[in-house]
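Written out below as structure tokens is the structure these notes cover.
Below, chain A is the first sequence line, B the second, and so on; all start at residue 1. When reading the values below, keep in mind they use all heavy atoms of this one structure, side chains included, and skip hydrogens, waters and symmetry mates.
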Protein chains: 2
Amino acid sequence: MSTTDRPLRRDAQRNRDLLVAAARRLYATRGLDVPLEDVAREAGVSIGTLYNRFPTRGSLVDAALASKVASAVEFAEQAVATEDSWAGFVWFLERTCELQASDRGYNDLCASQLDDAVEVTALKERGAGLLRQVIDNAKRAGELRADFDDGDFAFVLWGTTRTIEATGEHAPNAWRRHLAFMLDGFRAAAAHPLPAPPLEPDEVARAMRRLSGT
Amino acid sequence: MSTTDRPLRRDAQRNRDLLVAAARRLYATRGLDVPLEDVAREAGVSIGTLYNRFPTRGSLVDAALASKVASAVEFAEQAVATEDSWAGFVWFLERTCELQASDRGYNDLCASQLDDAVEVTALKERGAGLLRQVIDNAKRAGELRADFDDGDFAFVLWGTTRTIEATGEHAPNAWRRHLAFMLDGFRAAAAHPLPAPPLEPDEVARAMRRLSGT
DNA sequence: CCTAAACTTGAGGGCGTTCTCAAGTTGGTG
DNA sequence: CACCAACTTGAGAACGCCCTCAAGTTTAGG
């Protein structure tokens, strides 16, 4: 929410809007690694202008996708407020996956960590806090297995992310099946001892950063 | 097993061996998309020689990694022969994941489909047949949920592949935890109705091909 | 030892992407 | 209206990777 030090000149603001709109369109269909030249062309603006407005890759991603991340955070808020906490947990996972399935760029973003996308990063942090509550509630209700940890959410993310990436075009509902299997494994009644400790928060962050490089 | 029409000249054979060894080393640590120039340099050979021996990317992958795929097929054979068929199923998944975790190139290969890696492709097909038997056996024994389908194996692959990609360096056993969750979801006792039909074999193939392009 | 065929070499052309900058244009303010 | 700062532009430098090919070198076999 960079409260503009000085407002942009009218033409500059117009170009900024065109660029963000273009980025949203191209990210959604082609993913985050669409060439910047393509974004500029789609916006009807020169590549230099793009660099004037968005000096880093992350800053453009931020402007284009922060609102989607924000809506994911809202989902988490609603999930926390759900009385049936297992249902809230399931509902939250389904909503975020739907978001991922509907926007390839958002899907990419979920499995990565762009350090200079500051707004997105801040929102993610808020989401992480809420998610922890969702998880705790579902555990307290006895439906979510007690050995489930925050860090295990990453497994859902990595799994469905890849499934959506692979099948999004031809089998747009395949992720629902993948998620359903995982959910069945998350139920307390299904629990068998786990062979490895959960990931620490910093390990998750590092792992996400590794995926961004590829 | 391209039974050489004419044997290679001695120096050519030596270079071929050097290239395969170099590719194995670099693939294992850096993944399949390591630049070909790097492989040539690592082998101590010029880029032109690499192209003489391996005209396509897939042909080099084939030479470097077919033996690993073959050992995965052997695992499948052993799993079929296991009397406790659920244990065989679990054992097979663990062995293949260990293979993936130990070689980044093999891990990449698992989630992709290089059409010109003929030997690998043939082996994969054999493995798929065996896997079907492993699955059927475990289902017949009543331990694997009845609605589990061949195509669902792709979910395991895509999930653990990404987890290994992300955590391989810093938490080399995280995939065991991920896999354990999935296995708990695969047990017959855990089964809840699935919201989407399984992937058809050709859908899986198409999805794999999509991942290779990225 | 000689020769033809097999093989190696690396410079170089091609391509796609990132990022910069000097020159030109536009917007807002006095 | 005039002027300065803000902004736009696109050519092009830099980079990394792919792949080719003409010239030189090595091997096998007579």
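Ionic pairing of B/Glu200 and B/Arg206 is not present here: no N-O contact between side-chain nitrogen and carboxylate oxygen is shorter than 4.0 angstrom.
Of the side-chain N and O atoms in B/Asn15, none sit less than 4.0 angstrom from OP1 or OP2 of C/dC7. Contact check, A/Arg9 against D/dA5: no side-chain N or O comes under 4.0 Å of OP1 or OP2. The phosphate of C/dG10 (OP1 or OP2) has no side-chain N or O of B/Ser46 nearer than 4.0 angstrom.
A/Arg14 has its CZ atom 12 Å from the C1' atom of C/dT26, to the nearest Å. To the nearest angstrom, P of D/dC15 lies 17 Å from CG of B/Asp38. Between the C1' atom of C/dT9 and the CZ atom of B/Arg41 lies a distance of 15 Å, rounded to the nearest Å. When the C1' atom of D/dT9 is taken as reference, atom CG of A/Leu36 falls 17 Å away, rounded to whole Å. When the C1' atom of C/dA5 is taken as reference, atom CG of B/Asp11 falls 12 Å away, rounded to whole Å. Taking atom CG on B/Leu26 and atom P on D/dC17, their separation rounds to 12 Å, with Å as the unit. Rounded to whole Å, the distance from CD1 on B/Ile47 to P on C/dG14 is 18 Å. Protein atom CG of A/Asp17 is 15 Å distant from nucleotide atom C1' of D/dC7, rounded to whole Å.
Nearer to the 5' terminus of DNA chain D, by closest-nucleotide assignment, is the contact made by A/Glu37 (compared with the other of B/Glu37 and A/Glu37). Remark on DNA chain D: of its neighbouring residues B/Pro35 and B/Arg10, the 5'-side contact belongs to B/Pro35, judged by nearest-heavy-atom nucleotide. Taking the nucleotide of DNA chain C with the nearest heavy atom to each of A/Gly48 and A/Val34, the more 5' of the two is matched to A/Val34.
For the segment residues 50-63 of chain B, the set of residues with a heavy atom within less than 4.0 Å of an atom of DNA chain C comprises B/Asn52, B/Arg53, in numerical order.
Side-chain contact of B/His178 with B/Thr163: a donor-acceptor pair under 3.5 Å is present, judged by distance alone.
Using cut-offs of 30° and 60° for the angle between ring planes, the A/Phe148 and A/Phe186 rings count as perpendicular. Using the six-membered ring where Trp is involved, A/Phe75 and A/Trp91 have ring planes that are perpendicular, over 60° apart on the 30 and 60° scheme.
How far CZ of A/Phe92 is from CG of A/Leu131: 5.5 Å, rounded to the nearest 0.5 Å. Residue B/Asp150 holds its CG atom at 7.0 Å from CG of B/Asp136, rounded to the nearest 0.5 Å.
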Apply side chain to side chain contact (heavy atoms under 4.5 Å, CB included) to A/Arg53 and A/Leu8, showing your working. CA-CA 10 Å; A/Arg53 291 300 127 243; A/Leu8 284 179; 3.9 Å; yes

